[in-house]
Amino acid sequence: MDVNQTIDTFTSFFREHDHQQIPSSSLVPPPGDPVLFTTSGMHPLTRYIEGRPHPLGRRLTGLQRCLRTTDLDETGDDSHLTVFQMLGSWSLGDYDGPQSLRWGHELLTGGLGVNPGLLYATVFGGDGQVGPDVGSQRTWTELGVPVELTSGEENWWSNGPTGPCGPDSEIFVWTGQQPPSGSPMTDDRWVELWNHVTMRYRRLDDGSLIPLDQPSVDTGMGLERLLMVLQGRRSVFDTDIFRPWRSELPGLWQLDERTLRITSDHLRAGIAIIGDGVLPSSTGRGYVLRRLLRRVLTLLWRDDSSRSVGDLPTVLIEHTLDRFGQGTEVGLVRGVLGGEQRRFGELLVRGRKVLGQLKSPGRLTETDLRYLHETHGLPPELVTELLTGQQVTIDR
Ligand code: SER
């Protein structure tokens with residue numbers, strides 16, 4: 001099943017169950033929103049989950065572009081991406097969590113064709129404030145899916161320290177070559193696929209929970225991870241979404257597998273962020289963009305300083321903007337990428353010179369790092385990158 005068939009199967013299923021399809025919002029939340037980027041499908045729906053009526057009704061479905069920097073260190077592994085798309089379904093004060101799980105199971109094992117014997121679910125086991133999620137536990141048992149109660153925050157979802165939150169039930173699928181063994185908590189060949197959250201509470205500033213007037217259900221399933229499972233691939237980078245990257249990049253730059261994955265991920269994320277109107281800068285969203293692009297350039301220049309993002313084939317920029325439903329001009333994206341490459345190149349030249357002039361370049365203190373940052377605009381992570389491979393100690 002290719003990417004478009006998969007999206008269509010998901011959204012059609014929910015449309016057939018009276019859900020209205022909503023368009024993706026921008027990666028950049030509206031002014032006044034405390035978070036930098038849209039991190040989940042529910043994020044743009046927060047005020048509706050808090051009780052405001054949605055113009056399209058109480059049952060919604062959609063595909064939302066999301067960005068998560070919490071997983072940045074894991075980029076390059078089989079299943080994490082910086083920018084990805086999340087398939088979602090929502091009940092805004094309409095049906096309950098168990099109904100959502102039953103539909104989820106029907107869709108996964110029916111239209112999407114996942115072997116029911118390869119599923120496992122986890123549910124909230126309760127804590128000092130909220131009791132165990134017995135409704136979800138019972139539903140999974142009725143559906144014949146093995147279920148595990150977890151402790152602590154494992155099955156509790158919130159979009160931030162305050163706001164709507166609640167217990168979630170996560171559906172895992174077995175990705176091992178051998179028959180399934182262990183459970184999601186003991187064997188990482190169980191990969192999390194779909195999360196169903198019952199938004200029942202609002203967390204206040206003091207940490208206390210108050211019940212929402214109308215509980216909602218919010219589900220989210222990473223599209224790329226789903227494709228990895230449906231297409232029987234080892235990693236999200238081997239799905240059809242990355243086919244153009246896999247075919248174009250090796251002819252341009254010779255990269256090992258991990259570098260190819262990080263480069264594709266970060267360039268794709270960079271293009272999508274620029275596509276939503278963000279420019280590189282030294283703070284906030286622009287800084288996230290800058291760090292992604294500079295990390296790519298550092299990786300590319302590690303082996304060959306003549307490599308240039310200016311050589312990036314147009315088809316990759318177009319494919320990415322298209323994938324995320326963005327109408328931004330390719331030329332604008334190219335201009336931003338090129339501008340950041342130029343600035344970074346100049347900074348590196350200046351950085352090497354300044355570092356060479358330090359009294360004891362073999363030993364850097366916190367004061368040196370602050371001086372390099374404040375006086376020469378060289379952020380500590382760049383200094384560390386410049387010194388990679390040299391015999392240097394940083395006293396922290
Ligand atoms: N908000 C939940 C998540 O991001 C489900 O959509 O996993």
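Counting convention: from 1, in listed order, for ligands and their atoms alike.
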Heavy-atom contacts with [X] under 4.0 Å: which atoms of ligand 1 show up? List them by number with element.
X    : answer
N195 : 2 (C), 3 (C), 5 (C), 7 (O)
M42  : 1 (N)
S40  : 4 (O)
T219 : 5 (C), 6 (O)
V197 : 2 (C), 5 (C)
G220 : 5 (C), 6 (O)
R68  : 4 (O)
D218 : 1 (N), 2 (C), 5 (C), 6 (O)

For a quick test of your reading: what N or O donor-acceptor pairs under 3.5 Å do the side chains of residues 105-115 make, sequence neighbours left out?
residue, atom, partner, partner atom, Å
T109, OG1, H105, O, 2.7
N115, OD1, G117, N, 2.8

Protein residue, atom and distance nearest to atom 3 (C) of ligand 1, heavy-atom basis
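Sorting protein heavy atoms by distance from atom 3 (C) of ligand 1 puts W157 NE1, 3.3 Å first.
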
- Query: Only one of D94, D218, L92 clears side-chain contact (heavy atoms from CB on, under 4.5 Å) with L60; which?
  - Reply: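 The residue from D94, D218, L92 that satisfies side-chain contact (heavy atoms from CB on, under 4.5 Å) with L60 turns out to be L92.
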
Which pair of heavy atoms, one from R189 and one from G176, lies closest together, and at what distance?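 Minimum heavy-atom separation between R189 and G176: CD-CA, 3.9 Å.
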
Practice item. Locate the shortest heavy-atom distance separating I171 from L119; write the atom from each residue and the value. Key: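 Scanning both residues, the minimum pair turns out to be CG2-CD2, 4.1 Å.
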
* Asked: For M221, is the nearest heavy atom under 4.0 Å from an atom of ligand 1?
  ->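 Contact check M221 vs ligand 1: negative.
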
Notebook entry, point to check: Taking the non-hydrogen atoms of M199, is any one of them nearer than 4.0 angstrom to ligand 1?
Noted result: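 No, M199 has no heavy atoms under 4.0 Å from ligand 1.
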
Q) Does the ring of F84 carry R268 above it, NZ/CZ under 6.0 angstrom from centre and within 45° of its axis? A)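 Ring-cation test returns no.
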
query: Which class fits the ring pair W194 and F10: parallel under 30°, tilted 30 to 60°, perpendicular over 60°?
result: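 Rings of W194 and F10: tilted, as their planes differ by 30° to 60°.
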
